[in-house]
Amino acid sequence: MKLKVSFFIFTIFFFFCSSCLWALDKVEAIVNNEIITQKDLNDFLNFTRMQYSRQLKGAALEEKVGAMKQDLLQRLIEDRIILEQARNEKIIIDPDRLKAKINEIKKRYGQESEFERDLARQGLVPADLENKIREQMLMYSIVEQKVRSKIVVWPEEITSFYDQNKRDFLTPQERVLTVIILPDEDMAKAVSYQLRLGTKLEELAGRYPFTTDKLSVLEGQELRSEIEEVVFKLGMAEVSNPVHIDQKYYIFKLDDIIGSRQLNLAQAQDKIQAYLFEKKLQDALAKWLDGLKKQSYIKILEN
């Protein structure tokens, strides 16, 4: 009886594990002679999460990764097509460049062990990371060769764009401020009060342990809400009440207001050049990819 029960448990366990592995390796699409599996999708998301994890945290990170899920399969299909083109052109990645790129990622971490832990958290091993980065470099190289290198933005296009969009090249209002930083609320209130009475900052320096800084902010710039609410209500030479931010107290004194002004063509041309180049690149890349897709066998399998 014990033998039968053990065999029954083993059978259930075997079929359960098999179904898990099948779900993980389920084929999602076929692209020419290659397949894309659920594991490929998971690995791509984990790699993306690791790339963004040094700049974004928590909900912001998951929102970024989640947004990519919407068209993840289509992106992987396009990647496979681009990689096939790179291999057909026999593009080779310099091992030293690949190693340098991996080291660049490692430097974002304090220690090697921290890097390895993050890699493991994403379900990746060093070989996965190396392969993903090599693929990125291959794709960049073929796009550079076939698309990017052929894009030209002519001077007359820049001039025409500037003439038609002059209102977009007005600089926002700028405010120049002195910032006084203190560790204690009572001291911050006292300094703010004394400054509003007309006491010079230099006279207060020996009495209060504050530090000062200069801050230049633009209207519409992404400022912390507690700062923006204060500085854009100040009149010339006016001093704010203390603002509590990250365990310190900040006092703002408005020193100057620089009004909005029109940038001339010379001042705006680099920004226009970059915008037009990027627009042409995206259009040309989409056209190139559409052509490759028409020449490829692509089948998305139903769930």
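Just so it is clear, the structure is predicted and the values come from calculations on it, not from any experiment. Just so it is clear, the values below take in all heavy atoms, side chains as well, and ignore hydrogens, waters and symmetry mates.
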Exercise. Any chance you could lay out the side-chain contact (heavy atoms from CB on, under 4.5 Å) test for Arg196 and Asn241, step after step, and finish with the verdict?
Key: CA-CA 10 Å; Arg196 279 181 282 170; Asn241 287 320; 2.9 Å; yes
Quiz item: Under 6.0 Å from the OH atom of Tyr193, do we count more than 12 heavy atoms belonging to anything else shown?
Solution: no
Quiz prompt | Any donor-acceptor N/O pair, Asp71 side chain to Gln74 backbone, under 3.5 Å | solution = no
Quiz prompt | Ile158 backbone acceptor or donor facing Gln269 side chain under 3.5 Å | solution = no
Quiz item: Is there side-chain contact between Leu234 and Leu177, with at least one heavy-atom pair below 4.5 Å?
Solution: yes
Quiz item: Would you call Lys279 and Asp283 a salt bridge, using N to O less than 4.0 angstrom?
Solution: yes
Quiz prompt | Ion pair check, Arg224 and Glu226, cut-off under 4.0 Å | solution = yes
Practice problem: Determine yes or no for a side-chain-to-main-chain donor-acceptor pair under 3.5 angstrom, with Gln267 supplying the side chain and Asn264 the backbone. | Solution: yes
Practice problem: State plainly whether the residues Lys132 and Asp128 are in salt-bridge range, i.e. N to O under 4.0 Å. | Solution: no
Quiz item: Are Asp118 and Arg121 close enough for a salt bridge, meaning some N to O gap below 4.0 Å?
Solution: yes
Exercise. Could you walk me through whether Glu278 and Gln282 pass side chain to side chain donor-acceptor pair (under 3.5 Å), step by step?
Key: CA-CA 6 Å; Glu278 185 63 26; Gln282 294 305 319; 2.7 Å; yes
Quiz item: Would the number of heavy atoms belonging to other residues, nucleotides or ligands and lying under 6.0 Å from CD of Glu156 be above 12?
Solution: yes
Quiz item: Which is it for Gln38 and Asn42 under the side chain to side chain donor-acceptor pair (under 3.5 Å) test, yes or no, and what are the steps along the way?
Solution: CA-CA 6 Å; Gln38 181 61 49; Asn42 293 343; 3.0 Å; yes
Practice problem: Please test Lys294 against Asp290 for salt bridge (charged side-chain N to carboxylate O under 4.0 Å, His left out), starting from the C-alpha separation and ending with a verdict. | Solution: CA-CA 6 Å; Lys294 289 175 182 176; Asp290 284 344; over 6 Å; no
Quiz item: So, do Phe252 and Leu215 sit near enough that their side-chain heavy atoms are less than 4.5 Å apart?
Solution: yes
Quiz prompt | Asp255 with Lys253: basic N within carboxylate O range, under 4.0 Å | solution = yes
Quiz item: Do the ring planes of Phe161 and Tyr275 sit parallel (below 30°), tilted (30 to 60°) or perpendicular (above 60°)?
Solution: tilted
Quiz item: Cluster question for you: counting only ILVMFWY and a side-chain heavy-atom cut-off of under 4.5 Å, with indirect links fine, are Leu182 and Val243 together?
Solution: no
Practice problem: May I ask you to decide if Trp154's main-chain N or O and Glu157's side chain share a donor-acceptor pair within less than 3.5 Å? | Solution: yes
Quiz item: Transitively linked via ILVMFWY side-chain contacts under 4.5 Å: Leu201 with Val176?
Solution: no
Quiz item: Is there a side-chain contact between Gln85 and Asn88 (heavy atoms, below 4.5 Å)?
Solution: yes
Quiz item: Charged N to carboxylate O under 4.0 angstrom, Arg80 versus Glu28?
Solution: no
Quiz item: Are any of the side-chain heavy atoms of Trp288 and Ile82 separated by less than 4.5 Å?
Solution: yes
Self-check item: Val230 vs Tyr250 side-chain heavy atoms within contact, under 4.5 Å
Solution: no
Quiz prompt | Test item: Ser260 side-chain N/O and Gln173 main-chain N/O as donor-acceptor pair under 3.5 Å | solution = no
Exercise. Look at Glu130 together with Arg134 and state whether they make a salt bridge at an N to O cut-off of under 4.0 Å.
Key: yes
Quiz prompt | Pair Lys26-Thr37, side chain to side chain donor-acceptor pair (under 3.5 Å): steps then yes or no | solution = CA-CA 5 Å; Lys26 184 165 66 76; Thr37 66; over 6 Å; no
Quiz item: Is there a donor-acceptor pair under 3.5 Å between the side chain of Asp163 and the backbone N or O of Ser160?
Solution: no
Quiz item: Do Asn165 and Ile272 come within less than 4.5 Å of each other through their side chains, counting heavy atoms only?
Solution: no
Self-check item: Glu185/Lys189 ion pair, N-O < 4.0 Å
Solution: yes
Self-check item: NZ/Lys280: more than 12 non-hydrogen atoms of other groups inside 6.0 Å
Solution: yes
Quiz prompt | Ile181 with Tyr249, same ILVMFWY side-chain cluster at under 4.5 Å | solution = no
Practice problem: Decide yes or no for Tyr162 and Leu263: does some side-chain heavy atom of the first lie under 4.5 Å from some side-chain heavy atom of the second? | Solution: no
Quiz item: Between Ile142 and Glu89, is any pair of side-chain heavy atoms under 4.5 Å apart?
Solution: yes
Quiz item: Considering all heavy atoms of both residues, which atom of Leu76 and which atom of Leu41 are nearest to each other, and what is their separation?
Solution: CD1-CD2, 3.1 Å
Quiz item: Distance-only, no hydrogens or angles: does the Thr171 side chain make a donor-acceptor pair with backbone N or O of Arg261 under 3.5 Å?
Solution: yes
Quiz prompt | same_hphob_cluster(Met137, Val147) at 4.5 Å side-chain heavy-atom cutoff | solution = yes
